[in-house]
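Right, one structure below, let's go through it.
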Amino acid sequence: MVPTTSTAAAAGTVRPSALLAPLGVWLVLAVLAVANGAFREVVLIPRVGEHTGHVVSTLVLVAVIFAVSAAFFASTDAQYATAELVTIGVVWTVLTVGFEFLVGYVEGTPVSVTVGQYDVFAGQVWILVPLSLLVAPLVFGRAFAG
């Protein structure tokens with residue numbers, strides 16, 4: 001269990017121990033995201049097409065991120081300072097984007113293709129995933145604060 005918010009945490013310092021349980025939550029989210037990607041490729045895209053499949057899959061993943069985040073922060077006894085909640089969101093986002101680029105590299109996907117997934121002007125909606133990861137800890141951490 002993470003200790004309650006200390007004076008240092010309240011002043012904006014982030015306790016390293018406050019990141020441990022949320023790191024486990026990110027691992028759960030990563031597994032669910034990979035399962036969502038498999039579902040998209042095997043079920044959605046063959047039925048609704050490439051673009052619609054990606055949009056639906058992205059929206060499903062955003063819903064999963066919010067549901068898992070809400071469940072975690074509603075069930076934890078830990079108290080998180082605002083700086084810690086922001087840090088959790090940044091860590092989740094950096095880990096996810098880093099994982100995406102690493103997988104792309106291993107698969108031989110050009111960086112330009114991976115970067116292209118963030119081009120909202122080209123109709124891409126993937127940016128919603130890292131944005132959701134960034135804000136979910138703050139939103140739900142505050143909403144369920146004891």
Distance-only check: which donor-acceptor pairs under 3.5 Å involve side-chain atoms of residues 89-104, not counting sequence neighbours?
from	atom 1	to	atom 2	distance (Å)
Trp92	NE1	Pro22	O	2.9
Thr93	OG1	Gly89	O	2.8
Thr93	OG1	Pro130	O	3.3
Thr93	OG1	Leu134	N	3.2
Thr96	OG1	Trp26	NE1	2.8
Thr96	OG1	Trp92	O	2.8
Glu100	OE1	Tyr118	OH	2.5
Glu100	OE1	Trp126	NE1	3.1

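- Residue Leu128 is grouped with residue Val120 when hydrophobic side chains (ILVMFWY) are merged at heavy-atom distances under 4.5 angstrom, including chains of intermediate members.
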Identify all side-chain donor-acceptor contacts of residues 32-44 below 3.5 Å with residues at least two apart in sequence or on another chain.
from	atom 1	to	atom 2	distance (Å)
Asn36	ND2	Ser57	O	3.1
Asn36	ND2	Ser57	OG	2.8

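- Residues passing the side chain to side chain contact (heavy atoms under 4.5 Å, CB included) test with Pro16, sequence neighbours excluded: none.
- Listed by first and then second residue, the side-chain hydrogen bond (donor to acceptor under 3.5 Å, both in side chains) pairs involving residues 130-144 are Thr82-Arg142 (not counting sequence neighbours).
- In the hydrophobic cluster analysis, where Ile, Leu, Val, Met, Phe, Trp and Tyr join through side-chain heavy atoms closer than 4.5 angstrom, Val113 is grouped apart from Phe121.
- The six-membered or imidazole ring of Phe72 lies away from that of Phe140, with a centre-to-centre distance of 6.0 Å or more.
- Using a 4.5 Å cut-off between side-chain heavy atoms of Ile, Leu, Val, Met, Phe, Trp and Tyr, with links allowed through other members, Val129 and Val55 fall into the same hydrophobic cluster.
- The two residues Pro137 and Phe73 come nearest to each other via the heavy atoms CA-CE1, 3.6 Å.
- Nearest heavy atom pair, residue Glu84 against residue Arg15, reads OE2-NE, 2.5 Å.
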Pair up each side-chain donor or acceptor in residues 58-70 with any protein partner under 3.5 Å, not counting sequence neighbours, and list the distances.
from	atom 1	to	atom 2	distance (Å)
Thr58	OG1	His54	O	2.8
Ser69	OG	Ile65	O	2.7

